[in-house]
Amino acid sequence: MELDDLKKVIRLLRDTDITELQIEKEGIKIKIRRDKFFSAASGPQQPVLVEKKGVKVEEAEEGLLTVASPVIGTFYRSSSPDVEAFVDVGTEVKKGDTLCVIEAMKLMNTIESEIDGVIIKIFLENGHPVEYGEPIFLVRPK
Amino acid sequence: MIMKEAVLQTLRQGDCISGETLAKVLGISRTAIWKCIRSLQREGYQIESFHGKGYRLIGRPDLLLPKEIKAGLRTNLLGQQIAYHQEVSSTQDAAKSLAAQGANEGTIVIAETQTAGRGRIGRDWASPPGGIYLSIILRPAINPSEAIRFPIIAGVAAAQAIEQLTELKPELKWPNDILIRGLKVGGILIDMSAETDRINYIIIGIGINVNTESLPHEIKGIVTSLKTECGKEVSRVQLAQDILVQLESLYQIFEVSGFETIRKRWKALSNTIGAWVSVRGERERLDGRAMDIDVDGALIVQKADGTLERVISGDILGVTGQ
């Protein structure tokens, strides 16, 4: 689910009396809550809570694939600080191409693309810790 | 080619054996035997020949030749297939491509020197002659998230092999640097290829400074070699065999009874637990006392304010005050 979709949902709710909505799709849980004494237009907006879980998130309506980390570790976008990143946003990847490396205790886990597609989004910065199941890339399948 | 191996095999038994007997036992001509002997001598085998008496093997080449490693190797899985290189860019990369082509579990790649030996992200591993540069392909039937224990398993295997062969007291610095008297003698790097819920392969890369003479100047004072520490040459073939035996044994223990035994052995070999450490991560630095390793092999550090931190990535810079 993209940010735009989320906005659409919120807009839809604006003219209703619904104060709480929970959407759950394979691996992603979105909860929207608002105080019934405030109308969306005039009152302060309640925060939107987005929870994530699961390893691989398929987003059917957009057809995008989220690549999630199968391990915990440190996220690396290249094999060495002085060489180019394996992929950038917009990079076309083939099945089997290296997307990134996740390192834990000098175990280098090479994450490969499981499909042909284009990188739409990179969720993490180089050198950041990554948790088990955390999304790292969004890929548009070809 | 096969005949040459058969001749070597017979000579390994240690006795002086005549050309005539060799020819009879192996069913080839004496001229063919003589050709095999000459060829073995060119490979570096020292074979004495006594007129009228025959041939005797008195010395082997100091090379990590597959036939040397396989002779007397007490493993069922590791090292049954060996890819040997005089020189290779990196045994890890060579093993990766073999694994991707479907090489059997236990296949190893071993080299006399590497031109592009790798350490952790962006680091080199100096690989002059005299060392062991060994990569081992494993295909464990476990979830990728469990593979985090292999750095600990491999560290224990290498340290135990050195301990057994040399009577030195190797220590492990978390996760798996191998030190002697605080100086680095070996290092381990592991590459993994995995899908969401299964491991395609794990490649355990082990580099040991055995009889290495010409280590780069900039790492002098940080590193050492087994030869320096023992005051004499150490058999590289023997050490390579011992590492394979130890690793196979620990791999079986891990598969059958889990990680706990290995975790305890690591702690007994470690110089890290109980010490004040400074851990440099990619983005931050952490100081505190190393308390333990947990069920994954992650390092538990207690900070000055008493809180505990779980470290899975980073370099330990200083180890002081046990």
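A quick note: this is a predicted structure, and the numbers were derived from the prediction, not measured. Labels below follow one simple rule: chain letters A, B, ... track the order of the sequence lines, proteins then strands, and each chain is numbered from 1.
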Looking at side-chain heavy atoms only, is the closest gap between [X] and [Y] below 4.5 Å?
X        : Y        : result
B:Lys96  : A:Thr110 : yes
B:Leu189 : A:Met108 : yes
A:Met105 : B:Asn176 : no
B:Ser145 : A:Ile72  : no

How many angstroms lie between [atom1] in [X] and [atom2] in [Y], if you round to the nearest 0.5 Å?
X        : Y        : atom1 : atom2 : value
B:Ser313 : A:Phe75  : OG    : CZ    : 13.0 Å
A:Leu107 : B:Ile148 : CG    : CD1   : 7.5 Å
B:Ile204 : A:Lys106 : CD1   : NZ    : 12.5 Å
B:Arg283 : A:Glu125 : CZ    : CD    : 5.0 Å
A:Ser80  : B:Arg118 : OG    : CZ    : 11.0 Å

If I measure from the heavy atoms of chain A, does [X] come under 4.5 Å with its side chain, its backbone, both, or neither?
X        : result
B:Glu146 : neither
B:Asp296 : backbone
B:Asn200 : neither
B:Ala100 : neither

If one checks every heavy atom of A:Ser79 against chain B at 4.5 Å, the contacting part turns out to be backbone
Could you look at A:Glu103 and say if it's the side chain, the backbone, both or neither that has a heavy atom under 4.5 Å from chain B?
both
With a 4.5 Å cut-off on heavy-atom pairs, point out which of A:Ile102, A:Thr98, A:Val71, A:Asp82 contacts chain B the most.
A:Val71
Show the nearest heavy-atom pair for residues A:Ala104 and B:Pro151, with the distance to one decimal.
O-CG, 4.5 Å
Ranking B:Leu299, B:Asp315, B:Ile188 by heavy-atom pairs under 4.5 Å to chain A gives rank one to B:Ile188
Test ring-ring contact (aromatic ring centres under 6.0 Å, His included) applied to B:Phe254 - qualifying residues, sequence neighbours left out:
B:Phe150
Return yes if a side-chain donor-acceptor contact under 3.5 Å exists between B:Glu282 and A:Thr74, otherwise no.
no
Which residues share a side chain to side chain donor-acceptor pair (under 3.5 Å) with A:Lys94, sequence neighbours left out
none
